[in-house]
Amino acid sequence: MGNIIKIFLLLAVILLVSLVLGMYQIQNDHDIQVDLIYFAEPIEMSVARFGMAFFFGGVLVGIGLCVLICLVLGIELKAARRQAKKLAKELEKMRERNLKEPT
């Protein structure tokens, strides 16, 4: 039952975003001159395409950064687990040595 609700919410969000972007596209269809750094001459494109290009570019950069952060945290987690195992072994050796020593 929980999966059906998640799928429904995902579809609702997708439809809502599509509606908002569609309305944005309809209302901002006039062309503007865009002077990009990498091109010699200005490019003519609609305001909506220019805005959505930067929006989706930002989304892709954000997703890339999230994936990079997850990879770094995974590496740090593995290192911390190795350190914890090493320290657990060292603690066990100390306990055994403490028990073997005469009191």
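- Tracing side-chain contacts under 4.5 Å through hydrophobic residues (I, L, V, M, F, W, Y), one reaches Y24 starting from V13; they form part of the same cluster.
- The CD1 atom of I32 sits 7.0 Å away from the NE2 atom of H30 when rounded to the nearest 0.5 Å.
- Shown here are the side chain to side chain donor-acceptor pair (under 3.5 Å) partners of E76, two or more places apart in sequence or in another chain: there are none.
- Considering only residues two or more places apart in sequence or on other chains, Q83 meets the side chain to side chain contact (heavy atoms under 4.5 Å, CB included) condition with K86, L87.
- With sequence neighbours excluded, the residues that form a side chain to side chain contact (heavy atoms under 4.5 Å, CB included) with R82 are K78, A79.
- Through side-chain heavy atoms spaced under 4.5 Å, either directly or across other Ile, Leu, Val, Met, Phe, Trp or Tyr residues, F8 is tied to no other residue.
- Other members of the cluster containing L11 are I7, with ILVMFWY side chains joined at under 4.5 Å, either directly or via other members.
- V20 is linked by a side chain to side chain contact (heavy atoms under 4.5 Å, CB included) to nothing, counting only residues two or more places apart in sequence or in another chain.
- For the side chain to side chain contact (heavy atoms under 4.5 Å, CB included) test, residues two or more places apart in sequence or in another chain that qualify with E92 are R95, E96.
- For the atom pair K85 NZ and R81 CZ, the distance stands at 8.0 Å (nearest 0.5 Å).
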Pairs of donor and acceptor atoms involving the side chains of residues 44-66, under 3.5 Å and at least two apart or interchain, shall be tabulated with distances.
residue, atom, partner, partner atom, Å
E44, OE1, Q33, NE2, 3.0
S46, OG, R49, N, 3.2

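- Taken from CG in L16 to CG in L21, the straight-line distance is 9.5 Å, to the nearest 0.5 Å.
- Through direct or indirect side-chain contacts shorter than 4.5 Å among Ile, Leu, Val, Met, Phe, Trp and Tyr, M94 is connected to no other residue.
- Counting Ile, Leu, Val, Met, Phe, Trp and Tyr side chains that sit under 4.5 Å apart, directly or through other members, I14 shares a hydrophobic cluster with L10.
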